[in-house]
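Here the structure is a predicted model, which is why all the values come from computation and not from measurement. Lettering of chains follows the sequences in order, A, B, ..., and the numbering in each one begins at 1.
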Amino acid sequence: MKYPYSQQFRQSLVEWFHREKRDLPWRRTKDPYKIWVSEVMLQQTRVDTVIPYYHRFIEKYPSIEALAYADEEELLKMWEGLGYYSRARNLQSGVKEVVEKYGGIVPNNRHDLQQLKGIGSYTAGAILSIAYNLPEHAVDGNVMRVLSRVLHITEDIALPKTRKTFEKAVEQLIHPEYPGDFNQALMDLGAMICTPTSPKCLLCPVREYCVSFMEGDADQLPIKSKKTKVKNEYYYVYIAVNDGKVLFERRHSDGLLANMWQFPMIFVEKSPEETGKSFEKTYNVKITKVLEEDFFEQKHVFSHLIWNLRCHLVEVKEIGPLGDMVQFVTLKEIEELPLPVPMIKIKNFLKQYIFKPLE
DNA sequence: AAGACGGGGCG
DNA sequence: CGCCCAGTCTT
């Protein structure tokens, strides 16, 4: 498929970008490693969220070697609150492979890049076009939205195969001399003009080449199916105190929130009494006193499930060995560990309302 | 192709 | 409350 206005389209788009582009921290470098870090952080995550994380991360891990040899728990702590924590581990795994296999030089071809953990079609294209100025497509949700409108593509963007349609389109459209600017221009256009709802077509630099603007149905695109059905899960969370410390555990090394730390949680399937027994049995402790029942309730929404948490403050004594992943820690020690957001919220509530008044 | 995988912002 | 966000990996 040849597009009649490719030449004018790419020129208008890139000229607009050179005038209006956002000043973002990762746009002040051509270091492939730093571009890589930014692109991984930006996966499914907003620019405004990423900026402070990016600064802290690059300060702590300024080079590919620094990250390759970083402590994994510290790395997770740096990622705390960003979500999709496997991104952090995959990034380090990829970085290690580059150090060992490529002498610390980030590969400059799609094949080798996509072999690295955490680098898919999009991220490979972003690194190649932005850091190495190579004419490679970098198609994300943003680009699919913009091009679905410009080219009036009505395929369902929720389907994996649809991305290939857009990748082929970008191969035709991409600016051969400014491929990185072209790709970033599509993203900035998507962020600033061609927004998901109420696109600002009258301010758009490429509206004269936009089929949807002509048809007047830009707000109807892209077509996206797939609504996710999330399931509810109910847990009791036990703040189990013993001698000024609380029971704390590390989650399993794979699956949801892998290797993150949490207060003990018991899946609720039976009565409150049964759940309490289950807690004692699971952690080899005996509840000696119930200090506060249901002192904090929280609903936490993930993309695929909902946690409904009810917190209880209890006093316990050990009646057997704690598991490998379990230990008593002070509130201060908790600050050093990587926690998922729902646990951070519980910890902050404790500091504010439960332990603070005791000091 | 579909589900797992976080968290926040916005209408 | 549902949708979306500079996606990738696993099944």
### Query
Looking at D112(A), I64(A), I105(A), L67(A), which one forms a side chain to side chain contact (heavy atoms under 4.5 Å, CB included) with V98(A)?
I64(A)
### Query
Any side-chain heavy atom of H137(A) sitting closer than 4.5 Å to one from R110(A)?
yes
### Message
Give me the atom names and distance for the closest heavy-atom approach of T154(A) to I223(A).
### Response
O-CG1, 3.6 Å
### Task
Go through residues 251-267 of chain A and report each residue with a non-hydrogen atom lying under 4.0 Å from DNA chain B, sorted by number.
G255(A), L256(A), L257(A)
### Query
If we take the P atom in both dG6(B) and dT11(C), what is their distance in whole Å?
15 Å
#### Entry: Within the 6.0 Å centroid threshold, strictly below: Y61(A) and Y33(A)
no
### Task
Taking R10(A) for its side chain and L173(A) for its backbone only, find out whether a donor-acceptor pair lies under 3.5 Å.
yes
### Query
Does R149(A) use its side chain to pair, donor to acceptor, with the backbone of F213(A) at less than 3.5 Å?
no
### Message
For Q220(A), is there any backbone N or O sitting under 3.5 Å from a side-chain donor or acceptor partner on D217(A)?
### Response
no
### Message
Is the distance from the ring center of F248(A) to that of F263(A) below 6.0 Å?
### Response
yes
#### Entry: hydrophobic_cluster_shared for V206(A) and L151(A), side chain cutoff 4.5 Å
yes
### Query
How far does the P atom of dC3(C) sit from the matching atom of dG3(B), given to the nearest Å?
15 Å
### Summary
d(E233(A) CD, H300(A) NE2) to nearest 0.5 Å is 12.5 Å
### Summary
Dot-bracket assigned to DNA chain B with the 3.5 Å Watson-Crick/G-U criterion, [ ] for crossing and | for other-strand pairs, is |||||.|||||
### Message
Quick check for you: name the first and last nucleotides of DNA chain B, 5' to 3', having an atom under 4.0 Å from a heavy atom of chain A.
### Response
dA1(B) to dG8(B)
### Query
Taking for each residue the nucleotide of DNA chain B bearing the nearest heavy atom, is the 5' side occupied by P160(A) or by T49(A)?
P160(A)
### Query
Nucleotide by nucleotide, 5' to 3', does protein get under 4.0 Å of the base (B), only the sugar-phosphate (S), or neither (-) in nucleotides 4-11 of chain C, counting heavy atoms?
BBBBSS--
### Query
Of V143(A), I174(A), V150(A), which is the lone residue that meets side chain to side chain contact (heavy atoms under 4.5 Å, CB included) with L186(A)?
V143(A)
### Query
Could you state the interatomic distance from CG (N348(A)) to CG (L331(A)), rounded to the nearest 0.5 Å?
9.5 Å
### Message
At a heavy-atom distance below 4.0 Å, what parts of residues 336-346 of chain A sit against DNA chain B?
### Response
P340(A), V341(A), P342(A)
### Task
Could you work out the separation of dA6(C) and dA4(B) based on their P atoms and round it to a whole Å?
24 Å
### Query
Taking all atoms of both residues into account, what is the closest heavy-atom pair of V241(A) and L313(A), and its distance?
CG2-CD1, 3.8 Å
### Query
With respect to W307(A), which candidate in F267(A), Y234(A), F302(A) satisfies the ring pair (Phe, Tyr, Trp, His ring centres under 6.0 Å) definition?
F302(A)
#### Entry: side chain to side chain contact (heavy atoms under 4.5 Å, CB included) involving D294(A) - partner list, sequence neighbours excluded
R310(A), H312(A)
